Each structure stands twice: as structure tokens, then as C-alpha cells.
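Here's the structure, in C-alpha cells; my notes come after.
Please read all numbers here as calculations on a predicted model, not as lab measurements.
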2 protein chains.
Amino acid sequence: MSDDLLDDPRLTAVGLFFEVHTGLNARFAAQLCEHGLSPVEFEVLMRLARSPDRQLRMTDLASQTSLSTSGVTRVVDRMERDRYIARRACSSDRRSSYAVITQSGLTKLEQILPGHLALVEEWFTGRLPGDQLATVLDALRTIRDAVNPGATAGSSLGDSDRASHSRPRPEEQSDGAEPSGDAAERLVVEV
Amino acid sequence: MSDDLLDDPRLTAVGLFFEVHTGLNARFAAQLCEHGLSPVEFEVLMRLARSPDRQLRMTDLASQTSLSTSGVTRVVDRMERDRYIARRACSSDRRSSYAVITQSGLTKLEQILPGHLALVEEWFTGRLPGDQLATVLDALRTIRDAVNPGATAGSSLGDSDRASHSRPRPEEQSDGAEPSGDAAERLVVEV
DNA sequence: GTTCTACCTTTGCGCAAGCAACTATACGCA
DNA sequence: TGCGTATAGTTGCTTGCGCAAAGGTAGAAC
């Protein structure tokens, strides 16, 4: 085994990236845990809260969360039991159902977010000077668009019961290079 | 629920970061899977390969991998069964045991790494112009050092055995590039 | 209308990982 | 020497999640 291979700077780069992820994740998870939520559950709450009508089809939730559809079924089971979200039938396609965040779920989010934002600030955004942060976000966007073109599949279409059926887009494609106005995109304009 | 809270640019920032992680992770996992390895197992192999004497105490492996010690026990069980690593008694502390990568494990790494590096290049480093990449790595290092100061833990416990017998340097991950005073590195020395 | 194909969600099953309890060893202290 | 406490690793139990199959529905072709 040549050490050249093991010392490749590209390994350093991803290694660094993954370590940062691990570190941030641990901190966030600890805070969420105090609120009785797992990271996955928090993400579900966030996704729903930021989606049109605060709801998402199960499938779309799955494609936005790196969970499988069966995983989504079970997370939604738990969170429905805890009254943070509810299932709602889709009027135009009886195969589909929506997960919709409840008032209780929104309240939960309101309790969590300030602390969460403080952590983000403390361990991520606040550690980088403005221009460096901008560069980083720019880079992240570049990579995200390449690596995860369908990330915002279900939420990017504005209307209510929307084109849910009409299969808005294939999404899911590995290399779609889809442009699509993406939700996260909007939000970052002013960082 | 105020939308201000949900639209906070800091959320966008972490969201982007986590999405990139998810995307990269999925691609890497797919490749590793073809080689019959999980991401965790790959990381274990990498950590061991880059450690002095190509070995690490179980506990140190745990602290470097975001696995619990029991998690490490079982991963090592599996990988020992598959002959990629072996357990070795610690001569100076009979409570401890080392996990050491075998020749077969090194060979496995050699088979995997070229493809892995290609993926890293394709989806990460190769998408960013050199100076932007440098900025990003710099930022990542900043955050990593803050968020994960014990990343190099394996080396941080300055006890007799370790200190005395080998342990040429903190070794440890990522920042091969950084020649001088990497915080993590200093930490190890003085902790 | 019937049938075929494509989908959406749920469920059975298995694996991986964490927590806590347990065993064995190390080390400080009287 | 003997005891108390801290640490290393393993194991029982539980839980989260993915895969694959099942059950139900939509839409198209005929």
C-alpha cells in the first residue's frame, strides 16, 4: 500500500468535510435530543414547515430527506403519534397521502429554532468572515446542484393541491442538471 | 410560526451543507457497496491504514469514527470475520486491544481508493476552481478544529504505553496538507 | 369494460448501532 | 495488602431504517 494514495489531498478534503459534518451533527443532535426529537424528525418538521401549505406527499418527503419511502412511513407514524404532524388524504390521487405539520408541530419548531440557530451561528456561520462564508456557500451550492439536483422536488411548485398527480417532474434522476427554482436558492440571497 | 424564522439565511447555510453531505455520501456509499463495504467499514479501514503501525485501540477508533465503543466492537467483529482487520492484544494494558489492518484489508483499500478518489474529484474537488477550493478547505479546517477538537483523540491520551512505544506523531487524518500549526495537532501535544 | 403497466404507501424481515449492564484490568490510597 | 474507583471492551436488549413484497389506485391501450 503506497502512502501516496493515502495522503492524497483529495482524501484530506473529503475527510475534512465529513468530519465537519459529524461534528456539527453531533452538536445539533444533542440540542434536538433535549427537545425529544431526532435529527431526522427535525428535518421532517423543517421540510414540511417550508413547503407550500406546510405539507408534502410521502414520496416527496422521502426524496427530500435521504430516507426511503418506508423510512418516511415510519417517521411519520411516530410523529403522527406524537401529534407533530398528521396524514391527509390527497383529493386528486387516492394513492397518495400528505404529511402535514400540525399547530403543535409548528410550536415545537418555534421552541427549537432559536437555539438551533444559535448553534449554527456558534459553530458554523459565525466562525467565518463574511466573504469567506459567501465563497463557501457558493461552493456548496455548486456541488449541491450537481450532486442532488432533485432535492427540492415536491416543494418547488407553488400551487396548493398542485400538479401533484401530473408527475411534475421525474426528479430522482441521477444527473438531471435540472434548473428548477429551488426553495433553498431563494433563501440564501442575502447571506 | 413566523416565516422569518424559517427563512433565516443560517438555515439555508446549514441546509446546503447537509444536502451536500447527503449527496456525496450517497455516491460514495454506492461505490463502496459495489466492493461489499459500508461507509463505516471504509472509514475504519482508512483510519487504521493512516495510523501509526496501521493500528488503533478500540476506544480510539471509536472516538475517531463517531461510533460508540459497542459499535466499534461489532464493526471490528464483522471486519475481522472478513479478514480485513485483526485484533491484537496490547502488551502494556491488558484491558486494551488493538484493531490492526491486515494485508488483505490494505489490498482492499488499494482496490477501492482509485475509484473513490475519482468520485471525490468528480463531485467535489473537481467542481471548484483551485482558489475557491482552497478557501473552502480553509473554512472547513476552521470549523473542524472548533467543532471536533478531539478528532485526533487516539493520540491524545498521553499514557505510558502509547507515549512510550512508537506513536511517532499524532498521525491522524485529513490535514496532511497543513504543514505547520494545525490546531488539532497542537492540541494533541499539549493535552 | 378489461387488462396492463406504473405508482404510492405500508408491512415483514433483517441488520446496524446505541444504551446500559457486566467483566476484567489498572491504578490510587490507606 | 486490600479496597475503591476509573477505564477497556463485550453483550443483551431495543430501536431506526432499508429492501423487497404486498395491497391499493391511476391511467392508457384495446
Rounded to whole Å, the CZ-P distance (A:Arg94 to D:dG23) equals 18 Å
In whole angstroms, the gap separating P of D:dA8 from CG of B:Leu56 amounts to 13 Å
Rounded to whole Å, the CG-P distance (B:Asp60 to D:dG9) equals 8 Å
The nucleotide from C:dT10, C:dC7, D:dG9 with an atom nearest the side chain of B:Met58 is D:dG9
Quick note, ring pair (Phe, Tyr, Trp, His ring centres under 6.0 Å) partners involving residues 56-78 of chain B, not counting sequence neighbours, are none
Report task. Determine, step by step, whether A:Leu140 and B:Glu19 satisfy the side chain to side chain contact (heavy atoms under 4.5 Å, CB included) criterion, reporting the C-alpha distance in whole Å, the side-chain angles of both residues, the deciding distance to 0.1 Å, and the verdict. Result -> CA-CA 9 Å; A:Leu140 289 176; B:Glu19 275 183 62; over 6 Å; no
Residues at least two apart in sequence or cross-chain that pass side-chain contact (heavy atoms from CB on, under 4.5 Å) with A:Thr22, listed by chain then number, are B:Ser66
In whole angstroms, the gap separating C1' of D:dG18 from CG of B:Leu32 amounts to 17 Å
In short, salt bridge (charged side-chain N to carboxylate O under 4.0 Å, His left out) pairs touching residues 94-119 of chain B with sequence neighbours left out are B:Asp93-B:Arg95
Sorted by chain and number, sequence neighbours left out, side chain to side chain donor-acceptor pair (under 3.5 Å) with A:Arg10 holds for A:Asp8, B:Glu121
Residues 34-92 of chain A vs ring pair (Phe, Tyr, Trp, His ring centres under 6.0 Å), sequence neighbours excluded, gives A:Phe42-A:His116
ask   = For B:Ser96, which contact category applies under a 4.0 Å heavy-atom criterion: base, sugar-phosphate, or nothing?
value = sugar-phosphate
Separation of D:dT15 atom C1' from A:Asp77 atom CG, nearest Å, is 14 Å
So which protein N/O to nucleotides 15-17 of chain C N/O distances come out below 3.5 Å?
from, atom 1, to, atom 2, distance (Å)
C:dA17, OP2, B:Arg78, NH2, 2.9

